[in-house]
K.L.:
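I have a structure here, written as C-alpha cells, and I will follow up with some questions on it.
Positions are given from 1 along the sequence. None of the values given here were measured: they were computed from a predicted structure. Every number for a ligand or one of its atoms is a count from 1 in the order of the listing.
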Amino acid sequence: MKKSIVFFCLVLLSVGLYAEDGSRLWLRAETGQNATVTANKQSATINIAKQELESQWKGAPVQLNIINNKDLQKLGKDGYRITGNKLTGISILATTEQGLLYGAYHLLRLQETRSDAGMLNIAESPKYDLRILNHWDNLNRTVERGYAGYSIWRWDQLPEQISPRYKEYARANASIGINATVLNNVNATPDALTPEFFQKVKVIADELRPYHIKVFLSINFSSPKVLGGLENSDPLNKDVRKWWKDKVKEIYNVIPDFGGFLVKANSEGLPGPQDYGRTHADGANMLAEALKPYKGIVMWRAFVYSPSDQDRAKQAFNEFMPLDGKFNDNVIVQVKNGPIDFQPREPFSPLFGAMQKTPLMPELQITQEYLGHSKQLVYLGTQWKEFFESDTYCKGAGSTVAKTTDGTLFPHKLTAIAGVANIGEDANWTGHHFGQSNWYAFGRLAWNHELSAEQIADEWLKMTFTNDVNFLTPVKEIMMDSWEAMVSYMMPLGLHHLFAWHHHYGPEPWCNPPGARPDWLPSYYHKASTFGIGFDRTTTGSNAVSQYFPPLNEIFNNIETCPENLLLWFHHAPWDHQMRGGRILWDELCYKYLLGVNQARGFQKKWDPIENLIDPERFADVQFKLKVQTRDAIWWKDACLLYFQTFSKRPIPFEMERPIHDLEEMKQIQLNLEHHN
Ligand code: BDP
C-alpha cells in the first residue's frame, strides 16, 4: 500500500517536472553537472558565464580569461575565442566580460547540438554592434500585434515586485547574442517619460544588466507639450530643446547606462517635427544632442507614409533621401525590410544601399502580424535570409543588403538591427512553440547573417526538442518550406496587403469600409480589374522601380525579367499573361494557392509520425495548430480565388480541387481577434 502511494507520488512528480509547456525555450541542457570552471576576473556577468557552465557543461575544465591582446581586440568588444578540447580542457578568451558570456553560451550550444567533439578553434564576432528587440508593449500591458498574451513587463507591480521572467528573458536573449531592448511600443505615450516610470524601468535595467542587455525607450514626440506643459514640441524651440536635455539627464540619473530612444514620428498619425515645418533630421538631431553627453543614441524610424497620390511604396525613400548626411553621428535610421509593411513577401526597401552617408538599421518583424499570428507555423529564417542576401547593386554586383548595413560597404560608427518581439506572458513565451524559432533565428542572424536558415533551424530543433534524426529531418523540412508555403496560400506572385482590416490574419481582398483611407485598402494594392491584376510600379506606372539601382531597376521594370515571385508587386499584368512555366497568369495564381494549401496539408502529414519522439504536450499543441493552419490556408485560397475570379471571369482549372466555400460565405467571416489574443 505504502509503496504504491510512493510510486504514485513519484509518477505525479515526474509528470509535474517534465510537463512540457515550452517555458524553457531552447535552454534545456541538463543541469547539476558540477563542471570545473575558473575565471581570471570576477564580475556579475562572468559569474553568470561560470555558473551556466558549472551546472551544464559535461566536459573537461573550462577557463574563462579576459585578455587584452591584438588578436582578441580584432574580434571587437563582444567577440571571443574558444580553444581546446572537451576531453582535456577548454579555454574561452575575450577582452570583455560579455565576450566570455557569449563564449560560454556558444560552448553549451555546441554540446547540446552534439558539435563539441574534437579540437575547437573558434573565433567569433558579431556582424552588428547593436542587436535589439523592439517590444510593441503598451503601459497597460496589452501588446500591439502581440499574439502571446499580455506584456511580460508588469508595470502594475513595478518597481516593488520583480517578476522572475525578467531574468529568464535576459538569459534567453544573452544566449543568442541579443544585447538591447526597447521596452515600450513605438506608438508611445508621453507617460513613458515620467519620473515614476523611470523607477520601474530602472528595476528592469538592473535585472537585465548582468546579461549585458541595454534598455531603451520609445518616445512620443509631443512629450514636451503634453507632459512638460510647453507651448509646442517644435524641435527648433529653445525651451523644447532644453526640456529634452533635462529629461535625458533625469533618465541617466536613474539609469546610468540607458541606451537611448526609438522614435516613430509623423507616421500613422503620430506627432513629429513636420507638425512644425521641420524635417526628420531636425527632430532626430535635437534628441541626439540631448543624448550625446551620455553616449546615448537615437533610432529614428523611416516607416513614414501618408495618404497621398504618391505610391506608398515610394514615400519613405522620397522623404529620407534628401536628408542623407544630415543626421548627427549618434542617429541611426531604422528601416523596415520592405518598402511597405512586413508583408509576406516584399522586395527590400530601396533605402538600403541608397542612403550611404547615414547608418541604416534593418527592422524585421518577429511577431507574425501578417504571417499567421501565433496560430501558424511559419519559420522566418528563410524570409530574412532572402532579405539579407538581396543584391542592391549600390556598389556593383554583390552589394547585398547585409553588406550595406553591417559596416562592410559603408563604415559607419553605428551598426544595428532590430526585431519586433513576439514575446508575451504565455507559458511558452511566443504563443506558438515554433514562434520561439523566430526569436532564436533573429538573434542568431543579428549575430551572423551568414549562417544559413537551415543551420539555425537545425540548432534550434536540437536544443528545443531532440537530436533524433527521425524528428529532425521531417520537421526541418516543415520549417524550411513554411514561409514560402504561407506566401503561396496567402499572397503569391508579389500580391500584398490583402488582409482583413482589423486583425491582419485572414483574407479580405474585397474590404472597403465607408470612408476608409485608400492606402489602407487591399484594392489600392491588388488593383484587380477585368484586364488583370497587380500594382504597376514600372516607369510608366508609379515608377517605384526607379528607386532601385541598375540593373535591378531594369530587371524589375521589364515584365519578362521581373522575378515572378514579385511580378504583381511591380506589374499590372493581364490575366492571360504568359508565365515562364507555360501557364497563363490566372491559372498560375490558382495553382500557387493550391500549392500552398497542399504544403500546409503536408506539414500535418510530416508532423503526425513524430508523435513518439517528443513530449505529448508540445506534440499535441503543434498538431492542433497545424490543423488550424491548413483550415485557414483553404480559407485564404477560396476567398482570394473566388474574389479575383469575379474579375478574371475565368474558370478555376478543372483538374484542380474546387473551392469548398462560397464568396458570400467568406465575406461573412468576422474574426473577433484582439491584438493580445
Ligand atoms: C504596422 C502595424 C502597426 C504598427 C506599425 C509600425 O500594423 O500596429 O504600429 O506597423 O510599425 O505594421 O509603426
K.L.:
Nearest to atom 10 (O) of ligand 1 by heavy atom, R145, K336, E268, E369: which?
P.N.:
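It is K336 that holds the nearest heavy atom.
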K.L.:
Check for me whether R537 meets the cation-pi criterion with W569, that is, NZ or CZ under 6.0 Å from the six-membered ring centre and within 45 degrees of the ring axis.
P.N.:
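So R537 does make the cation-pi contact.
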K.L.:
Measure from the side-chain N and O atoms of E363 to the backbone N and O of V420, and report whether any donor-acceptor pair falls under 3.5 Å.
P.N.:
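A pair under 3.5 Å: no.
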K.L.:
Run down the list V186, D341, N187 and name the one with the heavy atom closest to atom 9 (O) of ligand 1.
P.N.:
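Among V186, D341, N187, the closest heavy atom to atom 9 (O) of ligand 1 belongs to N187.
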K.L.:
Looking at Y370, which atoms of ligand 1 are within less than 4.0 Å of one of its heavy atoms?
P.N.:
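This gives 7 (O), 12 (O) as the contact atoms.
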K.L.:
Can you tell me how the ring of Y548 sits relative to the ring of F556, calling it parallel under 30°, perpendicular over 60° and tilted otherwise?
P.N.:
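Ring orientation, 0 to 90° scale: perpendicular.
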K.L.:
Does F352 have its ring centroid less than 6.0 Å away from the ring centroid of F387?
P.N.:
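Centroid separation for F352 and F387: below 6.0 Å.
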K.L.:
In terms of atom number and element, which parts of ligand 1 are under 4.0 angstrom from non-hydrogen atoms of H504?
P.N.:
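So the answer, numbered in order with elements, is 7 (O).
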K.L.:
Judged on heavy-atom distance to atom 6 (C) of ligand 1, which of W520, F303, F499 sits nearest?
P.N.:
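Comparing heavy atoms across W520, F303, F499, the nearest one to atom 6 (C) of ligand 1 lies in F303.
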K.L.:
Give the ring-plane orientation class for Y169 versus W153, where under 30° counts as parallel, over 60° as perpendicular and anything between as tilted.
P.N.:
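Aromatic pair Y169/W153 classed perpendicular.
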